[in-house]
4 protein chains.
Amino acid sequence: MHNPTESKPRWERRKDARPQELLAAALDLFVSRGYAATRLEDVARSAGVSKGTLYLYFANKEELFKAVVRDAIVQPIGEAEMDFAAIDGHSADLLRTLLMRWWDKVGATKASGITKLMIAEAANFPELMQFYNEEVIARGNALIANILTRGVARGEFRAVDPDVMMPVLVAPVLMLMLWSQSPQLCAGATIDPYAYLAAYIDTTLRGLRPASAPEGAPYCMPAAPATGLHNK
Amino acid sequence: MHNPTESKPRWERRKDARPQELLAAALDLFVSRGYAATRLEDVARSAGVSKGTLYLYFANKEELFKAVVRDAIVQPIGEAEMDFAAIDGHSADLLRTLLMRWWDKVGATKASGITKLMIAEAANFPELMQFYNEEVIARGNALIANILTRGVARGEFRAVDPDVMMPVLVAPVLMLMLWSQSPQLCAGATIDPYAYLAAYIDTTLRGLRPASAPEGAPYCMPAAPATGLHNK
Amino acid sequence: MHNPTESKPRWERRKDARPQELLAAALDLFVSRGYAATRLEDVARSAGVSKGTLYLYFANKEELFKAVVRDAIVQPIGEAEMDFAAIDGHSADLLRTLLMRWWDKVGATKASGITKLMIAEAANFPELMQFYNEEVIARGNALIANILTRGVARGEFRAVDPDVMMPVLVAPVLMLMLWSQSPQLCAGATIDPYAYLAAYIDTTLRGLRPASAPEGAPYCMPAAPATGLHNK
Amino acid sequence: MHNPTESKPRWERRKDARPQELLAAALDLFVSRGYAATRLEDVARSAGVSKGTLYLYFANKEELFKAVVRDAIVQPIGEAEMDFAAIDGHSADLLRTLLMRWWDKVGATKASGITKLMIAEAANFPELMQFYNEEVIARGNALIANILTRGVARGEFRAVDPDVMMPVLVAPVLMLMLWSQSPQLCAGATIDPYAYLAAYIDTTLRGLRPASAPEGAPYCMPAAPATGLHNK
DNA sequence: CATGAATGAGAATTCATTCAT
DNA sequence: AATGAATGAATTCTCATTCAT
């Protein structure tokens, strides 16, 4: 039944797949070029459709941008929503687990590109920024702050102000996301995410250890191969 | 020296002042809106001149952008060039001093906006990125890495790989620069730079303390008012 | 006559009905928005079919427009074709009857919208305008001119030049058609078509009365209720 | 000093004249093609400038359209504002004078094109229609209605309802404006405005004459050459 | 026959850049 | 030196038209 002479159709009907293809193409371009420098025609071509088709699914450039952000955020946020309140262990372990999972579920995904986008476009899309704040930043911050508060309360961390310390803990993860998106920003050096995270977590937990607590686990990573900690 | 035939111009000659006003206006707008979304007309108006005048000083938008970056960078970098090789003290004190000075001389200035700009536009201006890498990132990184190497060698820091630890140390400072530029990114919370830096430095130095070293200064900030450390 | 092999279609066949629904929808939209501002998608939706279906019946937008005009014109023109040559009465009565019938058969129908359309699009559709001229304007004008000529010849009208007077008589009817389509054009006031027509006809016939003729019928409407003249 | 080799400049600086030139070009095109079918590039070229220049003076197509209407209306309306309250003569003379002046000051000007435009675009520009209603239609209507009321009150016109009769009187003038703009609408016949107006006014005044009044002036035009009445 | 996803030419709009004054 | 009117290439967005299903 194969017809070798059959010509390729001008287009294919893929209504269901289109939005995702367009969002993926748009995410790539928005992240690498920025919002304003991204031409919708490139997005369309990159998704294998024509300019007009894009407008079948998104009312205009701004709506496409919002959809890209929402889509790329909602996905991982949903999965990353971890119930740490239920976990019953040492706060240092909690923090370590949270940060590592965060990286695997969010940081290592395309969602990292969104972070860069929001940094660049925060001022130009206030409502979107608010959405991002509520759905992503506030949630993530709360997770960190809660663990800090818990650790201090249980005497597992030295007495720090969770609200002050929280951004300090968040910063290295955010920068890792940025660096993983823009290797140019590292002055040529390539960052190994897991070595980076290990060094960061280890140093931070040591720095949070109360004077009374003995050194060693769970405040320190085992001296052994750090690469054994993760699957990749 | 008096030249009687030289006619006095009707307008005040400010050949050198003009560019600075334009650069300042451009920096503000580039930082807040991004490169592409910044219109040269706004830059000109913001500097109190006409669009045409802008072109008397800068060949085009791209050159203006480069000039903005170079200008905002070279200034503080020159001042911040501190000779830590000559300093003879505990590596923890060196690191603390470097980070605090960095903040005062660079982070707290408009140069912070450049960081945001470079993150957003890295892919669109490769040569500029290279310049930024060489002049800023590499220098700053080397400073940090040198102190780490020195500290480890002198037994003042535990045995860490300076190349791995370096970005971990840099990250919180960079994020502070970004946050200071875009308060929207903090989910409403305002970050007090000095409290943030104190928490960051204190925790990091504690985390770098070798097991053999006694707790307390210079690894820990004095419990007393941290605000005494800086001028503000 | 029964054909047992003829399969029954799943859907009702309305080959002839479809165009009418489409023409009706198109007429409405063309009249209210104008030709260029009318989107075929709206026409299709308004007729309850898809855009593609429209193209099964009309080759393109222009053909649809022409079909709308022809359809909306030919219909009433056929009915309004009145043989006034055969009528044997006072010319004033003839004129009155013609105008009233014209209104009832043409002016009060959707065909009024066509008048508005042709005024707006005359320059853009020259051939259509010619068709409209020949089928509608010329015929209507001839009817009026004939009655005028007859009235003057029979001494029932004062000596007027039928070619000059004809457009004067036609104008109020055309404007009534426009006003009935676009109430916005009346500055808020609503026009009662029959009161308007009564005032117009009465005044005009009085104005056409020869000096020799006695005042009163047929030159004047009976002072009694004008509303008794029509059915509504 | 004439330099025959001097090249023509790319453009000429004509800031003050530009808007009027653009408005004139736009009026022509809007009137002949309609709003939607008029391309701004054509307007610009027609005014001898580039697309971009047009946007220097009008924010967008809609604003240009509004400006065209306002400009073309305000001008003649201002001049046509005649104080008939002060005139002390026979109402028939008043009416005749008003209509003739209206034609000379408004109808015979480009403002006639606006009438056509508003008929076509009334539904698409509601606010503009309101402006037109208030500035043009309402004023004109009031003028006519006032004279009718005055005439009836003074016994110079038979007893008619001014509100009903007003549109009947206005219609022929409006149609004359339309016909003067779109000769195509006359089925080939060319209308001589002054002959038309003479026939119209004469017939109408005869039709408004009270039974008691004697025939002849001022209800009738002198039988003599009507062309002598106006300057053209 | 009917559908509606897809197309792409075309029109509106923006803005970096030029240049006569 | 300074201006700002003018330009036109580039981009967003629309919609008549096509065609695989």
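Chain letters run A, B, ... following the sequence lines, proteins first and then strands; every chain starts at 1.
Nucleotide dT14(F) holds its P atom 12 Å from the CG atom of Leu54(A), rounded to whole Å. The distance from atom CG of Asn60(B) to atom P of dA9(F) is 18 Å, rounded to the nearest whole Å. Taking atom CG of Leu64(C) as the reference point, atom C1' of dT17(F) lies 14 Å away to the nearest angstrom. Atoms NZ (Lys61(D)) and C1' (dA11(E)) sit 8 Å apart, rounded to a whole Å. The distance between atom CD of Glu62(A) and atom C1' of dC13(F), rounded to the nearest whole Å, is 14 Å. Atom-to-atom, CD of Glu41(A) to C1' of dG8(E) comes out at 10 Å; the value is rounded to the nearest Å. Taking atom CZ of Arg45(A) as the reference point, atom C1' of dT11(F) lies 13 Å away to the nearest angstrom. When the C1' atom of dA16(E) is taken as reference, atom CZ of Phe58(B) falls 16 Å away, rounded to whole Å.
Nearest nucleotide to the side chain of Tyr55(A), out of dT12(F), dT18(E), dT18(F): dT12(F). Of the candidate nucleotides dA12(E), dA6(F), dA2(E), dA2(E) has the atom nearest to the side chain of Leu56(C). Among the nucleotides dC15(F), dA12(E), dT17(E), the one closest to any side-chain atom of Arg39(C) is dC15(F). The Leu40(A) side chain lies nearest to dC13(F) when the options are dC13(F), dA16(E), dA12(E).
Nearest heavy atoms, Ala122(D) versus Gln184(C): CB-OE1, 4.1 Å.
Comparing Tyr35(B) and Gly48(C) along DNA chain E, the residue whose closest nucleotide (by nearest heavy atom) sits nearer the 5' end is Gly48(C). Ranked by how close their nearest DNA chain F nucleotide is to the 5' end, Gly52(C) and Gly52(B) are led by Gly52(B).
Listed pair Ser50(D) / dT7(F) meets the phosphate criterion, a side-chain N or O lying under 4.0 Å from OP1 or OP2. The phosphate of dA6(E) has OP1 or OP2 within less than 4.0 Å of a side-chain N or O from Arg18(A). Contact annotation: Tyr57(D) side-chain N/O to dA6(F) OP1/OP2 distance is under 4.0 Å. Taking only side-chain nitrogens and oxygens, Thr53(A) never comes nearer than 4.0 Å to OP1 or OP2 of dA5(E).
Of the options Phe30(B), Phe131(B), Phe65(B), a ring-ring contact (aromatic ring centres under 6.0 Å, His included) to Phe125(B) is made by Phe65(B) and by none of the others.
By the 6.0 Å and 45° rule, Lys61(C) does not stack over the aromatic ring of Tyr55(C).
Under the 3.5 Å distance criterion, with hydrogens and angles disregarded, no donor-acceptor pair is assigned to the side chains of Glu63(C) and Asn60(C).
Pair check for dT18(F) finds dA5(E); Watson-Crick or G-U wobble, both atom distances under 3.5 Å.
Electrostatic pairing of Glu127(A) and Lys66(A) counts as a salt bridge here, judged by a charged N lying under 4.0 Å from a carboxylate O.
Contact of Lys51(C) with dT17(F) (side chain to base): a donor-acceptor pair of N or O atoms is detected under 3.5 Å.
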